[in-house]
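All values below were derived from every heavy atom in this structure, side-chain atoms included, with hydrogens, water molecules and symmetry-related copies excluded. Numbering of residues begins at 1 and proceeds along the displayed sequence. Read the numbers this way: they start at 1 and go in the same order the structure lists the ligands and their atoms. All values reported here derive from a predicted model rather than from experimental measurement.
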Amino acid sequence: MKNKTIWSNRFKYKTSQSFQKIGSSIHIDKRLYEQDIAASIVHTQMLMKQKIIKSEDGNKIINGLKKIKAQIDKGNFEFKEKYEDIHLNIEKALFEIIGPSAGFLHTARSRNDQVVTDFKLWIKQASNVILKDISVVMKNLIKKAEKNTDTVMPGLTHLKNAQPISFAHYLLSYYEMLKRDKIRFENNLNLLDECPLGSAALSGTSYKIDRTYTAKKLGFKKPTDNSMDSISDRDFAIDFLYAAAICAMHLSRLAEDFIIYNSDAFNLISFKDSMLTGSSIMPQKKNPDPAEMIRGKVGINYGKLNAMLTIMKGLPMSYFKDMQDDKGLVFDGYDALKDTLTMSAELISAVNANKINMLFMANQGYTTATDFADYLVKNKNLSFRESYAISAKLVNYAEKNKKMLSELNLEEIKKFYKDLDKSVLKVFDVKNSMNMKKSHGGTSVINVKSMIKKYKREIK
Ligand code: ARG
């Protein structure tokens, strides 16, 4: 058997050289070695407990597997392309270390249930890493927001000045997005929490195995209930890639905002030099490359999700080699998102509000026109539509006379509504406008401060 494939007895010819290269996934799925060995150890313990294999063989297998893990940990293990994947590489190595006893390991299992088990275990730990990384970004948003509850900037719709908001309120909108992202990853963790091991090739097994024991020992809630679904299910990979894609999309939007706000035209924020790069020819330049990478990386996440969905489309029941590419897609999606999260956390810490420019721009574009209309509704018994029309005329006047709304005097305002006193002038103050937004979820300092308190309590 040495140096031969597991199935060599059945085959007249060797596998094509080119297919061996293309079909081998070891260079990718070696990332599953810890999960593969952990699952094999538990499987062996179960086989021993059920007296399906002798403890003598079982103990040899477990010791051998531990040795292999130590070798891989230290980088002393030679992965062989001809053994296709991580599962067969480890089984082959086990034969080399412990001899014929290794032959008992693959009792009552198949690579089909083995690979899904390993993959689920990997996605579990990867999701937990991502959840922590998302929390770091969220905490940095809170820190930056705390310093900017009073920083007025123009809130934009259609990239046109709309209404005054605080920079803190803007930043915390991303906190909410990331909070939902975490729930998406958590939902997947709940859904995938069933152990496929013991489903074997597709139909289950005639050995008296204890799947509940295996499931519990591997940290799953329970075993899966249908052996065919168990081995052909890749929903958990798709859900992971989907959660990653949305999260990357959110951060791509943040990055794009920052790029726009940092542009010379807007000049609302600046970054520490550590988050900028220079130009090879233009000496004056400071470019926001990390933000641009965050904006772009989402392309990888969408691509991997799309590829995974396409592989699964129309795939008949049950296992097919098509699915082997699932690991590479998930690993790439994970790596891309991890980089995005690392850069986002740093970028948020490195951002500074250019408060004077923010305040100046918040006053441009008649951002308090709605406040004037609201004032008329509240104080003059007009309907909102009537007030809206009066305020629109005032804006036309200000535009024609090249004045900001806050620069108009009472006499000018009275041309559009007679019965007014100087208390109206306050509505054109952008800070006042911001602080009037006391409705739940609004941008007033008082609201944002109490949201920050809540966020600090809930964030783990
Ligand atoms: N490397 C394979 C994969 O990831 C393992 C499953 C192989 N099963 C099989 N019947 N060829 O898909």
Side-chain angles (χ1 to χ4, degrees), residues 4-11 13-16 18-40 43 65 68 72 77-94 102 105-126 192 195-205 214 218 224 226-241 304 307-334:
K4 287 195 170 156
T5 56
I6 299 266
W7 46 79
S8 59
N9 291 323
R10 167 91 173 114
F11 282 63
Y13 300 106
K14 274 196 180 165
T15 310
S16 117
S18 49
F19 179 70
Q20 199 170 77
K21 237 188 151 43
I22 296 163
S24 166
S25 59
I26 186 63
H27 58 292
I28 290 169
D29 59 28
K30 62 183 178 193
R31 273 175 89 165
L32 295 177
Y33 81 93
E34 277 183 70
Q35 290 74 21
D36 195 72
I37 290 171
S40 286
H43 182 68
L65 288 169
I68 293 171
I72 304 178
F77 187 90
E78 195 196 340
F79 292 104
K80 293 185 182 142
E81 192 175 78
K82 68 174 171 213
Y83 299 142
E84 266 194 44
D85 57 23
I86 187 64
H87 324 295
L88 294 181
N89 264 271
I90 289 175
E91 193 179 330
K92 276 286 184 182
L94 192 62
L105 169 60
H106 212 56
T107 315
R109 77 171 191 192
S110 145
R111 270 190 301 164
N112 294 352
D113 55 343
Q114 198 182 348
V115 70
V116 198
T117 306
D118 296 357
F119 200 18
K120 278 189 169 184
L121 288 171
W122 191 91
I123 287 186
K124 270 191 180 199
Q125 63 81 29
L192 68 69
C195 183
L197 200 58
S199 301
L202 79 164
S203 65
T205 177
T214 305
L218 283 174
T224 50
N226 181 295
S227 60
M228 295 185 84
D229 172 52
S230 306
I231 58 127
S232 70
D233 169 29
R234 294 295 182 276
D235 293 1
F236 60 91
I238 295 171
D239 283 345
F240 179 86
L241 287 170
K304 304 298 162 182
M308 191 67 228
L309 283 167
T310 310
I311 286 171
M312 296 310 289
K313 183 217 167 274
L315 202 64
M317 191 54 63
S318 56
Y319 176 82
F320 293 88
K321 191 76 163 180
D322 309 43
M323 294 196 284
Q324 179 164 277
D325 282 332
D326 56 3
K327 266 89 60 199
L329 296 172
V330 166
F331 295 160
D332 289 350
Y334 169 81

Practice task
May I ask you to decide whether Asp29 forms a salt bridge with Lys327, counting only side-chain N to carboxylate O separations under 4.0 Å?
Solution key: no
Exercise for the section: For ligand 1, list the protein residues that place a heavy atom within a distance below 4.0 Å of one of its atoms, sorted by chain and number. Expected result: Ser25, Asp85, His87, Arg111, Asn112, Val115, Tyr319, Gln324, Lys327
Problem - side-chain contact (heavy atoms from CB on, under 4.5 Å) partners of Leu202, counting only residues at least two apart - result: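 side-chain contact (heavy atoms from CB on, under 4.5 Å) check on Leu202 returns Met228, Ile231, Ser318.
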Handout entry: Short side-chain to backbone donor-acceptor contact, Lys92 and Lys4, under 3.5 Å
Key = yes
Practice task
Give a yes or no on this: more than 12 heavy atoms of other residues, nucleotides or ligands lie within 6.0 Å of atom NZ of Lys14.
Solution key: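 No - once you tally the heavy atoms of other residues, nucleotides and ligands closer than 6.0 Å, there are 12 at most.
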Exercise for the section: Count the heavy atoms belonging to other residues, nucleotides or ligands that lie under 6.0 Å from NZ of Lys321, then report whether that count exceeds 12. Expected result: yes
Exercise for the section: Examine the side chains of Ser230 and Thr224 and answer whether a donor and an acceptor come within less than 3.5 Å of each other. Expected result: yes
